[in-house]
Amino acid sequence: FKLALQGAWDGLDETVKTIASSHQKSFCRIQNDLCIGHRMMRFKRSKLSAWNAFCWKKRQENKDNGTTGKDVLQEIVKDHREEYQNLTEEEKTQILLEYGEYKEMKTTGVRISTKSKIIDITSTLKADKSELNNLRSRTGTESMFYATRGSTDLPLCGVIFTTDSVEEFMPSMMNIDNQDLISKMEGFAVQGMKGAAGNHQKRCSKVDASLRNIINWKLVEITKDDSARMHWANYFHNVVEPYQVVVHGWPTNIPFVNLSKASSALPDLQMLQWKWESGAVHWRQLEEEEFQQLLEERNKKIESGEI
């Protein structure tokens, strides 16, 4: 039995290759169309009910007339049963044909409206998450799932789903922020490689600009000098000496240099922005003794050639 199944799959693979090469289509396209065709064949084997088709027809008419809701079916049974009983076989066949076409379109057709696309996506992703959680419960399989829009006309944010045991895998083991990854993935899906790089660069530039504004604004706040600005290259001479303030709480894993050189990783910039906004990193006023000690240490470094 297993050998027979394997032979069938091998034959199907060869068929896919033949169709793909002769019609210049991708393997994924052929496999997807074959899968949809199989579902349509299964659908066609199920016998449609003439009464269900008649009810569908009346519901469509009632929608056009503005009648909707749960009471529609009761109204159809009450008001149109006699009309159904008087239908000829030809009329029933025609209604069944229309209903069958509608069912096929609903199952395999392309979503046209934005609302129908969003409903389709959210319901499908919800089902996928449920299936992956169930799979984990049954077999212990851990999963990671990423989804993003493929065009700009779809107002949908990226979706990230991971089972519990691998939730921190990407940030801790691969040093990749999930939001950063989904952002690049969206840019690549919409515009290709340049889009991914451009989208990432755009987000980094936005956070960088915001972070610089926060640093300068907090420096003005503590010095009471509207012209005070952060000078990375001459930090001690242009900031520490005239104002006797220092940056306190800067994370040790990021070099204390100009932001453009400190890190190009979006998660690092976002972390710095959060720390400045929360006060974990801040400007601290120096006491006179602290300032003199820092000045002496700096002068020694200058004399020794360290600076």
*Asks:* Give the minimum heavy-atom separation between A228 and T223, together with the two atoms involved.
*Replies:*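 It is CB-OG1, 3.6 Å.
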*Asks:* Closer than 3.5 angstrom, by distance alone: can the side chain of N216 be matched with the main-chain N or O of M230 as a donor-acceptor pair?
*Replies:*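 Confirmed, N216 side chain pairs with M230 backbone.
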*Asks:* On a heavy-atom basis, which atom in V240 and which in F291 lie closest, and how many Å separate them?
*Replies:*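 Looks like O-CE1, 3.9 Å.
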*Asks:* Inspect the surroundings of CG in L3 and state if more than 12 heavy atoms from other residues, nucleotides or ligands are less than 6.0 Å away.
*Replies:*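 Open: at most 12 neighbouring heavy atoms sit under 6.0 Å from CG of L3.
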*Asks:* Check the pair E296 / Q292 against side-chain hydrogen bond (donor to acceptor under 3.5 Å, both in side chains), numbers first and verdict last.
*Replies:* CA-CA 6 Å; E296 290 178 10; Q292 292 299 327; over 6 Å; no
*Asks:* Out of curiosity, Y99 OH to N52 CG, how far, rounded to the nearest 0.5 Å?
*Replies:*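 Reported value, rounded in 0.5 Å steps: 5.5 Å.
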*Asks:* Can you sort out the partners of Y84 under ring pair (Phe, Tyr, Trp, His ring centres under 6.0 Å), two or more places apart, ordered by chain and number?
*Replies:*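 Once residues adjacent in sequence are excluded, the partners of Y84 under the ring pair (Phe, Tyr, Trp, His ring centres under 6.0 Å) criterion are W51, F54.
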*Asks:* If you take all heavy atoms of V207 and Q270, which pair is closest and at what distance?
*Replies:*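 Shortest heavy-atom separation between V207 and Q270 comes out as CG1-N, 4.0 Å.
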*Asks:* Take atom CD in E90; do more than 12 heavy atoms of anything else shown fall under 6.0 Å from it?
*Replies:*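 No, the 6.0 Å shell around CD holds no more than 12 heavy atoms from other groups.
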*Asks:* Set out, in order, the CA-CA distance, both residues' side-chain angles and the distance that settles side-chain contact (heavy atoms from CB on, under 4.5 Å) for I95 and L87, then state yes or no.
*Replies:* CA-CA 10 Å; I95 294 176; L87 288 176; 4.0 Å; yes
*Asks:* Please tell me if the side chains of N258 and R212 come closer than 4.5 Å, counting only heavy atoms from C-beta onward.
*Replies:*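 SC-SC contact between N258 and R212 confirmed.
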*Asks:* Could you measure the distance from the CD atom of E89 to the OG1 atom of T93? Nearest 0.5 Å is fine.
*Replies:*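 Here the interatomic distance stands at 6.0 Å.
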*Asks:* Around atom CD of E297, are there more than 12 heavy atoms from other residues, nucleotides or ligands closer than 6.0 Å?
*Replies:*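 More than 12 within 6.0 Å, yes.
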*Asks:* So, taking the atom named CG in L286 and the one named CG in L294, what distance separates them when rounded to the nearest 0.5 Å?
*Replies:*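 Going from CG on L286 over to CG on L294, the span is 6.0 Å.
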*Asks:* Residues in salt bridge (charged side-chain N to carboxylate O under 4.0 Å, His left out) with E290, at least two apart?
*Replies:*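 Per chain and number, E290 pairs via salt bridge (charged side-chain N to carboxylate O under 4.0 Å, His left out) with R284.
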*Asks:* Nearest 0.5 angstrom please: I182 CD1 to I160 CD1, how far?
*Replies:*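 Output value for this atom pair is 5.0 Å.
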*Asks:* Determine whether R298 and K301 make a side-chain contact, defined as any pair of heavy atoms from C-beta on separated by less than 4.5 Å.
*Replies:*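 Result no, sub-4.5 Å side-chain heavy-atom pair not found.
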*Asks:* Contact between V245 and Q285 at the side-chain level, heavy atoms closer than 4.5 Å - yes or no?
*Replies:*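 They are in contact (side-chain heavy atoms under 4.5 Å apart), so the answer is yes.
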*Asks:* Tell me the ring pair (Phe, Tyr, Trp, His ring centres under 6.0 Å) pairs involving residues 211-235, sequence neighbours left out?
*Replies:*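 Qualifying pairs: W232-W250, W232-F256, Y235-F256.
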*Asks:* Okay, side chain of Q244, backbone of E287: is any donor-acceptor separation there less than 3.5 Å?
*Replies:*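 It does not hold such a pair.
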*Asks:* Do any N or O atoms from the side chain of S210 and from the backbone of K206 form a donor-acceptor pair under 3.5 angstrom?
*Replies:*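 Side chain of S210 to backbone of K206, a donor-acceptor pair under 3.5 Å: no, none is there.
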*Asks:* What pair of heavy atoms forms the shortest contact from S143 to V166, and how long is it?
*Replies:*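 Taking every non-hydrogen atom into account, O-CG2, 3.5 Å.
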*Asks:* Mark yes or no for whether E142, through its side chain, and E167, through its backbone, hold a donor-acceptor pair below 3.5 Å.
*Replies:*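 Judged by distance alone, no pair lies under 3.5 Å.
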*Asks:* Using a 3.5 Å distance criterion without hydrogens, assess whether the side chain of T148 forms a donor-acceptor pair with backbone atoms of G158.
*Replies:*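 Side chain of T148 to backbone of G158, a donor-acceptor pair under 3.5 Å: no, none is there.
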*Asks:* For residues 170-178, which side-chain donor-acceptor pairs fall under 3.5 Å, sequence neighbours excluded?
*Replies:*
unit_1: S172; atom_1: OG; unit_2: E168; atom_2: O; d: 2.3
unit_1: D177; atom_1: OD2; unit_2: Q179; atom_2: N; d: 3.2
unit_1: D177; atom_1: OD2; unit_2: D180; atom_2: N; d: 3.0
unit_1: N178; atom_1: OD1; unit_2: Y146; atom_2: OH; d: 2.7

*Asks:* To the nearest 0.5 angstrom, please state how far the CG atom of L272 sits from the CD1 atom of I215.
*Replies:*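 That separation rounds to 7.5 Å.
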*Asks:* Let me check something: any side-chain donor-acceptor pairs from residues 125-133 under 3.5 Å, sequence neighbours excluded? List them with distances.
*Replies:*
unit_1: N133; atom_1: ND2; unit_2: K129; atom_2: O; d: 3.4

*Asks:* Can you tell if the side chain of H282 reaches within under 4.5 Å of the side chain of I222, non-hydrogen atoms only?
*Replies:*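 H282 vs I222: side chains apart.
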*Asks:* Applying side-chain contact (heavy atoms from CB on, under 4.5 Å) to V159 and I121, what does each step give before you reach the verdict?
*Replies:* CA-CA 11 Å; V159 177; I121 293 168; over 6 Å; no
*Asks:* Sequence neighbours left out, what passes salt bridge (charged side-chain N to carboxylate O under 4.0 Å, His left out) with R229? Give chain and number order.
*Replies:*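 Scan of R229 (salt bridge (charged side-chain N to carboxylate O under 4.0 Å, His left out), adjacent residues dropped) gives none.
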*Asks:* Measure from the side-chain N and O atoms of T122 to the backbone N and O of I119, and report whether any donor-acceptor pair falls under 3.5 Å.
*Replies:*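 Confirmed, T122 side chain pairs with I119 backbone.
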*Asks:* Is atom CD of E289 surrounded by more than 12 heavy atoms (other residues, nucleotides or ligands) closer than 6.0 Å?
*Replies:*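 Incorrect, the count does not exceed 12.
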*Asks:* Would you say E221 and W283 make side-chain contact, with heavy atoms under 4.5 Å?
*Replies:*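 Of all side-chain heavy-atom pairs linking W283 with E221, none is under 4.5 Å.
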